[in-house]
Amino acid sequence: MKRITVLNGSRRKNGNTVTFVKKILDNLSADEFRIEYIFPQDYTIMPCSGCGSCFDNIRCVNDDGLTILQNKILTSDLFIIASPVYLHYMTADLKLILDKCSWWTHTFRLCGKPSVILSTCDSNGHKTVLNALSDIITYMGGNVIATANASQIPPQLNNEKWLNSVATEIAKRIEKFAYLPPQSNSFLEKYFVSMREVMLTRSEFLKKRGMINGEVNYWERTGMVNFKSFAEYLSTI
C-alpha cells in the first residue's frame, strides 16, 4: 500500500483547501493508498529563532513536534502540500513549518519524491502560492508532478465539471508516479550540480581548518557528493 502525506496549511479541517484535496484523492483506491492529513494545530511547532543550528547539526534545536511531522513526510511515497492564499502567500503556519525545514533545500532531502502543490483562493492569488511552494519543494529535492489552484471567483470550487476534470487528471498522475522510483527533472539536475560544487569547495575549506558542517557531512555520509547527477544518485536509493 502506498502512503500519501498531505500537509495542509489551513487550520480549517472542513475548509475549501481540504475539500479540494479530498476531491482529488477520492479518485484513488482505498485498497492501494493510505492517506494521512497533517494540520498545523495538531503539532506544537516553536517559532524559528534563526540560529542556523539546523544547517550545522541537521536538526532543529527545539524539541517540538517538527521531527514527527518531518518523518511522516519523508516516509511517504507521495507528498501533497496545500494552502489557502493569505495576503498573496501561503499561511503563516505553513511558512513556519517550511522555515524550520530550511536545511532540506541544501541537501535534496525529499530525494525526488513525487509532490503535488495545491492552493485555494477567493478572487485573486491564483499563482502566488503555487509558484512559491513549487520552488521550495523543488529546492528541497521534490519532483513536482502537478499543481492546481481552485478559486471562488471564477467559481471553480463549485463547478463540478471543472473540479472533476482537474481531480481526475491529478489522481492519474498520483497513481502513476507513486509506483515509480524517485524521479529527477531538468531543474533538479542543474541545482544538484551547483550545490555539489558548493559542498566540495566547502568541504575542502573546512578540512583545512579542522572544522565540520552538518550539510557537508550529510552529502558525504549519503554519498551524494560522489555522484555527478541527481538522477544517478536517485538510482542507487
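Residue numbers run from 1 in the order of the sequence given. We use all heavy atoms of the structure for the numbers below, so side chains are in, but hydrogens, waters and symmetry mates are not. Keep in mind that what you see is a predicted model, and the values were worked out from it rather than measured.
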Colleague: Ile237 and Phe177: same hydrophobic cluster, using ILVMFWY side-chain contacts below 4.5 Å?
Modeller: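 Different clusters: Ile237 never reaches Phe177 through Ile, Leu, Val, Met, Phe, Trp or Tyr contacts under 4.5 Å.
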Colleague: Can you tell if the side chain of Leu200 reaches within under 4.5 Å of the side chain of Val225, non-hydrogen atoms only?
Modeller: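 Leu200 vs Val225: side chains touch.
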Colleague: Between Phe230 and Tyr191, does the ring centre distance come in under 6.0 Å?
Modeller: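 No.
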Colleague: Do Tyr37 and Lys13 touch side chain to side chain, with heavy atoms closer than 4.5 Å?
Modeller: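 In short, these two side chains do not touch, never coming nearer than 4.5 Å.
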Colleague: Please find the pair of heavy atoms, one from Arg3 and one from Arg34, that lie closest to each other, and give the distance.
Modeller: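 Taking Arg3 first and Arg34 second, the nearest heavy atoms are NE-NH2, 3.0 Å.
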Colleague: Check the pair Leu133, Leu94 against side-chain contact (heavy atoms from CB on, under 4.5 Å), reporting the backbone distance first and the verdict last.
Modeller: CA-CA 10 Å; Leu133 286 178; Leu94 184 55; 4.1 Å; yes
Colleague: To the nearest 0.5 angstrom, please state how far the OG1 atom of Thr17 sits from the CZ atom of Phe39.
Modeller: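 Atom-to-atom, Thr17:OG1 and Phe39:CZ are 9.0 Å apart.
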Colleague: Donor-acceptor check, side chain of Gln41 to backbone of Arg11, threshold 3.5 angstrom: yes or no?
Modeller: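 Looks like yes, one N/O pair under 3.5 Å.
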Colleague: Between Ile4 and Leu7, is there a shared hydrophobic cluster once you connect ILVMFWY residues whose side-chain heavy atoms come closer than 4.5 Å?
Modeller: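 Different hydrophobic clusters.
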Colleague: If I compare all heavy atoms of Ser119 with all of His126, which pair ends up nearest, and what's the gap?
Modeller: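 Nearest pair, atom of Ser119 first, then His126: OG-O, 4.3 Å.
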Colleague: Rounded to the nearest 0.5 Å, how far apart are CG of Asn159 and OG of Ser165?
Modeller: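 Going from the CG atom of Asn159 to the OG atom of Ser165 covers 9.5 Å.
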Colleague: Which atoms form the tightest heavy-atom contact between Ser53 and Val61, and what is the distance?
Modeller: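 Closest pair (atom of Ser53, atom of Val61, distance): OG-CG1, 3.1 Å.
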Colleague: For a salt bridge (charged side-chain N to carboxylate O under 4.0 Å, His left out) with Glu215, tell me which candidate from Arg202, Arg196, Arg109 qualifies.
Modeller: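 That would be Arg202.
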Colleague: Applying a strict under-4.5 Å side-chain criterion to I, L, V, M, F, W and Y, I'd like to know whether Leu110 and Phe227 cluster together.
Modeller: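 In one cluster: yes.
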Colleague: Give, for atom CG of Asn213 and atom CE of Met199, the distance between the pair rounded to the nearest 0.5 Å.
Modeller: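 Asn213 CG to Met199 CE: 7.0 Å, rounded to 0.5 Å.
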Colleague: When you measure from the side chain of Lys95 to the backbone N and O of Met90, does any donor-acceptor pair fall under 3.5 Å?
Modeller: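 Such a contact is absent between Lys95 side chain and Met90 backbone.
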Colleague: Measure the spacing between SG of Cys111 and CE of Met224 and express it to the nearest 0.5 Å.
Modeller: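 These two atoms lie 7.0 Å from each other.
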Colleague: Within 45° of the ring axis of Tyr179 and under 6.0 Å from its six-membered ring centre, is that where the NZ or CZ of Lys2 lies?
Modeller: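 Yes.
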Colleague: In sequence, state the C-alpha distance, the side-chain angles, and the governing distance for Asn131 and Thr147, and then conclude on side-chain contact (heavy atoms from CB on, under 4.5 Å).
Modeller: CA-CA 9 Å; Asn131 290 343; Thr147 67; over 6 Å; no
Colleague: What's the spacing between Tyr43 OH and Asp64 CG if we round to 0.5 Å?
Modeller: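 Between atom OH of Tyr43 and atom CG of Asp64 there are 12.0 Å.
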Colleague: Would you name the heavy atoms of Lys100 and Asn62 that are closest together and state the gap between them?
Modeller: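 That closest heavy-atom pairing would be NZ-ND2, 3.2 Å.
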Colleague: Do Lys127 and Asn149 touch side chain to side chain, with heavy atoms closer than 4.5 Å?
Modeller: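 No. Closest side-chain heavy atoms not under 4.5 Å.
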Colleague: Is there a donor-acceptor contact under 3.5 Å from the side chain of Gln183 to the main chain of Pro181?
Modeller: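 Yes, the answer is positive, given that a donor and an acceptor are paired below the 3.5 Å cut-off.
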Colleague: Could you please spell out the steps behind the side-chain hydrogen bond (donor to acceptor under 3.5 Å, both in side chains) verdict for Ser151 and Gln156?
Modeller: CA-CA 5 Å; Ser151 68; Gln156 295 171 320; 3.0 Å; yes
Colleague: Using the rule that two of Ile, Leu, Val, Met, Phe, Trp, Tyr join whenever any of their side-chain heavy atoms come within less than 4.5 Å, decide whether Met1 and Leu180 are in one cluster.
Modeller: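 Cluster IDs for Met1 and Leu180 differ.
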Colleague: Is any side-chain heavy atom of Met140 closer than 4.5 Å to one of Leu98?
Modeller: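 Side-chain contact under 4.5 Å: yes.
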Colleague: Where do Leu28 and Ala171 come nearest, in terms of heavy atoms and distance?
Modeller: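 Closest heavy-atom pair between Leu28 and Ala171: CD2-O, 3.8 Å.
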Colleague: Are any side-chain N or O atoms of Ser83 and backbone N or O atoms of Thr91, one a donor and one an acceptor, separated by less than 3.5 Å?
Modeller: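 Yes; judged by distance alone, with no hydrogens or angles, the pair exists.
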Colleague: Using a strict threshold of under 4.0 Å (side-chain N to carboxylate O), is an ion pair present between Glu220 and Lys207?
Modeller: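 Yes.
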Colleague: Below 4.5 Å, heavy atoms only, C-beta onward: do Ile81 and Ile136 meet side chain to side chain?
Modeller: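 Answer no - side chains too far apart.
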Colleague: Within a 6.0 Å radius of atom CG on Asp26, are there more than 12 heavy atoms belonging to other residues, nucleotides or ligands?
Modeller: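 Count over threshold, so yes.
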Colleague: If I take atom NZ from residue Lys190 and atom OG from residue Ser184, how far apart are they, to the nearest 0.5 angstrom?
Modeller: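 Output value for this atom pair is 11.5 Å.
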Colleague: In terms of hydrophobic clusters joined by side-chain contacts under 4.5 Å, are Val6 and Val166 together?
Modeller: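 Same cluster.
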Colleague: Is Ile212 atom CD1 crowded by more than 12 heavy atoms from other residues, nucleotides or ligands, each under 6.0 Å away?
Modeller: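 No, the 6.0 Å shell around CD1 holds no more than 12 heavy atoms from other groups.
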Colleague: Quick one: does Phe33's side chain get under 4.5 Å of Leu78's, heavy atoms only?
Modeller: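 Not in contact.
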Colleague: Against Cys121, only a single residue in Leu130, Val85, Thr128 fulfils side-chain contact (heavy atoms from CB on, under 4.5 Å); can you say which?
Modeller: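 Output: one option passes, namely Val85.
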Colleague: With a 4.5 Å cut-off on side-chain heavy atoms, are Thr120 and Thr19 touching?
Modeller: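 No; the side chains remain at least 4.5 Å from each other.
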Colleague: Take Gln152 and Asn158, measure what side-chain contact (heavy atoms from CB on, under 4.5 Å) needs, and give me the verdict at the end.
Modeller: CA-CA 8 Å; Gln152 294 277 25; Asn158 298 316; 3.8 Å; yes
Colleague: Minimum heavy-atom separation for Thr75 to Lys72, with atom names?
Modeller: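 Closest approach of Thr75 to Lys72, heavy atoms only: OG1-O, 3.5 Å.
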Colleague: Assess whether side-chain contact (heavy atoms from CB on, under 4.5 Å) is satisfied between Glu160 and Lys23, documenting all intermediate values.
Modeller: CA-CA 10 Å; Glu160 284 300 314; Lys23 184 70 174 180; 3.0 Å; yes
Colleague: Looking at Phe192, Trp104, Phe187, which hits ring pair (Phe, Tyr, Trp, His ring centres under 6.0 Å) with Tyr139?
Modeller: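 Per the ring pair (Phe, Tyr, Trp, His ring centres under 6.0 Å) rule, the option paired with Tyr139 is Phe187, out of Phe192, Trp104, Phe187.
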Colleague: Quick check: do Ile80 and Ile24 have side-chain heavy atoms less than 4.5 Å from each other?
Modeller: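 The answer is no; the side chains never approach within 4.5 Å.
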